[in-house]
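Order of the sequence lines fixes the chain letters, A, B, ..., with proteins taken first and strands second; residue numbering starts at 1 for each chain.
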Amino acid sequence: MSNGLKQQAFQVRYGLGAVVAVVASLAVGVLVDPNLTFRVSYAVSFVVLAAVGLAIIFGIMGVINLAHGEFILLGAYATTLSAVKGGLPLPLAMGVGALVTALFGLTVERVVISGFVPNWIGRRTVGRDLITPFYDRLADSMVATFGLSLIMTQGARIVFGNSIEQIGVPFGSTAGYPDYRIALVGVAAGVLALVYVLFTQTTFGTRVRATMQDEETAKALGVDTERVYMVTFAIGSGLAGFTGALFAPLLSMQPTLGDQFLVEAFVAVVVGGASVVVGTSLSGLLLGPVDALFSDQFGEFAGRIALLFAAMLALRFLPGGITGVVDRVRDRIEEGS
Amino acid sequence: MSDAESKRLDPNVRQTAAEKATGDRTDTLLRTDGLVKTFGGFTATDEIDFGVDEGELRCLIGPNGAGKSTLLKLITGTLTPTDGRIYYDGHDITGLAPNERVGRGISMKFQVPSVYGDLTVRENARLPVQQFADGEERRRLVAESIEAAGLAGCEEVPASSLSHGQQQQLEISMVASLEPDLLLLDEPVAGLSVEERSEIADRVTRLNDEEGIAFVVIEHDTDFVAEIADKVTVLHEGDIFREGSTEEIESDPAIQRIYLGTDGDSGGDRR
């Protein structure tokens with residue numbers, strides 16, 4: 001069997017195996033202690049949904065978006081205002097939340113991250129570019145997006161005040177646990193599946209992976225890498241906005257709402273490693289239960305401390321993140337077969 | 001009568017600089033006009049006026065640091081010139097992005113094999129084709145590209161597991177599948193065996209003869225240059241030192257001297 005077919009077989013066999021194992025664990029958990037199973041599953045989906053947009057932007061563009069929490073805030077606010085003030089049905093309002101954030105992300109990418117707009121102005125006024133793009137400049141992108149996060153938080157406070165009216169939580173409950181939170185587990189799995197298909201099974205995904213690996217060659221092959229970066233940032237932002245939209249009914253609508261997501265998202269991306277889908281899903285499966293179980297026993301603050309402690313341990317023993325471990329295991333299996 | 005024909009017959013219509021350089025009154029495909037590239041205080045190309053005719057197979061030689069790779073990167077748009085203009089097929093392309101130049105018909109294969117190791121042979125071959133074709137046409141072009149590289153049957157193999165020569169063949173297939181009018185190759189046979197070098201020479205001359213693609217090939221291998229070149233340009237210290245047939249260049253003692261470094265300072269690495 002060729003290496004490529006082996007790799008595909010590995011992905012199918014072990015990917016399906018992992019999905020079956022997770023579903024079986026959930027089924028057993030629901031039979032033994034449904035409430036605890038739902039709480040843990042929700043915690044996993046929270047980490048996954050919080051991290052996926054950040055993981056895409058970091059993994060593909062090498063940009064650490066410290067305004068990620070505020071992008072989630074924007075999605076949550078746009079959804080809430082569309083539903084409460086605009087009277088839109090919740091699913092439609094959620095679509096608006098994701099779309100508004102994607103368009104905002106597109107603007108941020110053109111103005112701040114790529115510097116396209118200031119450079120266009122600079123070339124016509126002073127005859128030169130004004131900004132070097134922030135791609136693969138981790139520290140610089142952190143500083144720029146941290147400034148953006150401050151502006152967004154204070155902007156939200158100035159425009160909307162310290163809080164806005166909240167949407168009610170839809171659906172009822174099962175075993176004393178809200179059905180809406182259970183539904184979010186399925187949504188998180190669906191989002192990961194969509195991201196996987198988008199980046200591995202489409203021509204856009206091939207362009208993205210080519211740009212990630214070698215931008216210069218991608219350009220020489222006719223790939224519009226500027227467009228790839230622009231669309232990728234918009235997708236990552238849109239997913240952050242969608243996360244905000246999904247959690248809008250569950251959270252207090254305050255300008256600091258994004259802070260609740262940023263730590264989990266950041267830790268999950270660092271622990272997950274380079275692969276968006278494998279890294280994010282497995283770090284969610286590792287960190288979510290830690291957060292849920294410690295929060296359950298000792299309170300939310302202890303849960304967050306435990307999460308950070310687990311991340312420190314993971315990074316101490318898995319310097320390449322979970323993706324690095326998966327790659328090593330795969331290589332060993334392939335060498336052995 | 002077409003607009004172009006009426007213009008040609010009207011003595012009052014003046015040519016633009018671009019038309020004068022490469023327009024339809026000449027068969028010049030590419031021309032650079034006073035192309036300068038500096039890196040800090042270092043001048044990599046110094047007012048180079050370089051031209052390539054349609055269907056020509058030009059080789060570019062010169063000692064390390066002569067500015068060969070810099071010139072190719074300026075033509076593809078990977079580097080932005082400090083001064084000067086680049087004209088292609090009657091148009092000034094100096095301000096165009098690399099992917100826009102690919103759309104105009106300029107492709108380049110870099111010195112180091114740049115196939116995507118993590119992608120399969122099929123995915124690599126599909127990447128350029130998907131820029132302009134889809135459906136059945138895309139599948140056909142991808143299959144032809146893989147076949148032309150001699151890799152039929154290896155479609156699902158990751159490109160990283162191919163030999164160096166196979167990677168070079170795949171990459172030439174990838175850039176050729178963009179259907180360019182001008183293909184720039186940077187040291188395509190470096191590190192290859194004699195057989196592999198011969199296969200690349202056959203491939204390049206076939207693409208030139210059968211599909212009329214013009215080539216600019218940077219190469220140090222003089223046998224390879226003698227085998228394929230219509231004309232040779234020698235670069236030295238960022239400028240054109242000589243141009244002529246392979247025989248003229250080989251018999252020029254001044255060129256021997258610059259390669260041996262006895263013609264003044266041959267400079268550092270200008271790439």
Task: B/Tyr116, part contacting chain A, at a heavy-atom distance under 4.5 Å - done: both

Open item on the list: Less than 4.5 Å to any heavy atom of chain A: does that hold for the side chain of B/Thr78, its backbone, both, or neither?
Closed with: side chain

Task: Contact class of B/Arg138 relative to chain A, heavy atoms under 4.5 angstrom - done: side chain

Open item on the list: I want to check something: taking the side chain as every heavy atom from C-beta on, are B/Leu72 and B/Phe110 in contact at a cut-off of under 4.5 Å?
Closed with: no

Task: Region of B/Arg126 in contact with chain A, defined by heavy-atom distances below 4.5 Å - done: side chain

Open item on the list: Checking an interface table here. Which of residues 112-126 of chain A come within a heavy-atom distance under 4.5 Å of chain B?
Closed with: none

Task: Closest-packed option against chain B by number of heavy-atom pairs under 4.5 Å, given A/Glu226, A/Lys219, A/Glu216 - done: A/Glu216

Task: Heavy-atom check, side chain of A/Arg137 versus side chain of A/Val63, under 4.5 Å - done: no

Open item on the list: So, taking the atom named CD1 in B/Ile93 and the one named CZ in B/Arg101, what distance separates them when rounded to the nearest 0.5 Å?
Closed with: 4.5 Å

Task: Side-chain touch B/Ile213/B/Asp181, heavy atoms, less than 4.5 angstrom - done: no

Task: Most chain A-contacting option - heavy-atom pairs closer than 4.5 Å, from B/Lys109, B/Glu171, B/Glu100, B/Gln131 - done: B/Gln131

- [ ] Check the angle between the aromatic planes of A/Phe104 and A/Phe71 and answer parallel, tilted or perpendicular using the 30° and 60° thresholds.
- [x] perpendicular

TODO: State the CG-CD1 distance between A/Asn65 and A/Ile56, to the nearest 0.5 angstrom.
DONE: 12.0 Å

Open item on the list: I'd like to check B/Ser163 versus B/Glu196 (side-chain heavy atoms, cut-off strictly below 4.5 Å). Are they in contact?
Closed with: yes

Open item on the list: Between B/Ile61 and B/His220, is there a side-chain heavy-atom distance shorter than 4.5 Å?
Closed with: no

Task: Separation between CE of A/Met212 and CZ of A/Phe199, rounded to the nearest 0.5 Å - done: 9.0 Å

